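One structure is given below, encoded as structure tokens.
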Amino acid sequence: MENQSIWGIVYCPKHAAQRRHKFWEKVEHCLIEKKVEYDFVQSENNKSVERLISMLINNGYRTIVVVGGDSALNDAANCLMRVEKHVRDEIVLGLIPNGMMNDFASFWEMEEGDIERQIDWIMKRRVRKIDIGCIRYTDKQNNRKHRYFLNSVNVGFLSDIMHMRRKTLRFFGSRILSFVFSFILLMFKRKEYKMHIKINSDVVKRKVMTVCVGNAHGYGQTPNAVPYNGLLDVSVVYHPEVMQLLEGFYLFISGKFLNHKSVHPYRTREVKFVDMPHAPVNIDGRMLENIHGDYSVEVEQEVINFIMPG
């Protein structure tokens, strides 16, 4: 079956939000008003998103719209990367932000709640082929695995913050408050991780607080990264003193993170993590739990058709 003109929409509600279906009612009203033909499925939980996206792909939908956040987009991207290239090249991915974190949407200056304009953009179908990152690793059962990402891979301290931020967001309901609270809690721990990293011809072999490998903004840690230049931005953060950490927090929320003296930026096609046995790894806002030994992060250029604003 071919559904060339019908949108396949996956709605991923925020599990912590009150009146969780109100957002979809606004989307639905706008779709009907604009006479958009669509079929709609709703995810029951995080694990169901990939199954639903795969179902839409297998049933011939060529415009797939995610109503969700970074994790749902990550699932969609991974589903697209599993199909043959000739199939993937016919599919375009649209976004209506509605997530716990919407960092990839923020890169494109798409604001949550701006539903009418976002539907207009999808209707205009301004498509750009974008890059995708990939982390290749071995799991604890010694199986070789890989996982794609649109936004970033975070290793170390900021991975802890992202993990805690997801939990506290359900309590505070505000992204800024949840980040500040998570940051304050973890500031006093200021964990360091012994790391051995290879970036281009450089070797980092020392204690490091956090590393971000960004295909896009990386939750503020790779603010100059763009998902269409065939390169990844890398921010390696050494251990700052408390006052430097507070300064770093200010620079982080003001978008000037790379100006901090403890931040060492790189641009590359591949990063190799040779030895970091205890550092947590976070991919597009979700913890990657079952990872063991060395791993690498690389970029694949212009592989997904993404509908841009405008």
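If you're wondering where the values come from, they're calculated on a predicted model, not measured in any experiment.
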For this session: Can you see which heavy atom on Tyr193 is nearest to which on Met209, and at what distance?
Result: CD1-O, 3.7 Å
May I ask you to decide whether [X] forms a salt bridge with [Y], counting only side-chain N to carboxylate O separations under 4.0 Å?
X	Y	result
Arg147	Asp75	yes
Asp89	Lys129	yes
Lys85	Glu300	no

Nearest 0.5 angstrom please: [X] [atom1] to [Y] [atom2], how far?
X	Y	atom1	atom2	result
Ile115	Glu28	CD1	CD	11.5 Å
Met55	Ser48	CE	OG	10.0 Å
Ile135	His146	CD1	NE2	11.5 Å
Ser71	Arg286	OG	CZ	4.0 Å

Could you list the residues that satisfy side chain to side chain contact (heavy atoms under 4.5 Å, CB included) with [X], not counting sequence neighbours?
X	answer
Glu111	none
Glu37	Ser5, Ile6
Lys272	Lys198, Glu270, Ser296
Asn143	Asp139, Gln141, Lys145

Go through the side-chain N and O atoms of [X] and [Y] and say whether any donor and acceptor fall under 3.5 Å apart.
X	Y	value
Tyr61	Asp39	yes
Asp70	Asn74	no
Asp284	Tyr148	no
Gln301	Asp131	no

Problem set entry | Residues which pass salt bridge (Lys or Arg N to Asp or Glu O under 4.0 Å) with Arg82, listed by chain and number, not counting sequence neighbours | Glu50
For this session: Using salt bridge (Lys or Arg N to Asp or Glu O under 4.0 Å) as the criterion, list what pairs up with Glu116, not counting sequence neighbours.
Result: Lys34
Exercise. Testing Val92, Ile91, Asn305 for side-chain contact (heavy atoms from CB on, under 4.5 Å) with Arg62, which one passes?
Worked result: Ile91
For this session: Would you indicate whether the side-chain heavy atoms of Gln118 and Leu95 approach each other to under 4.5 Å?
Result: no
Exercise. With side chains defined as the heavy atoms from C-beta onward, is the minimum distance between Phe23 and Pro13 less than 4.5 Å?
Worked result: no
Problem set entry | Working for ring-ring contact (aromatic ring centres under 6.0 Å, His included), residues Phe306 and Tyr228 | CA-CA 11 Å; Phe306 184 75; Tyr228 42 75; over 10 Å; no
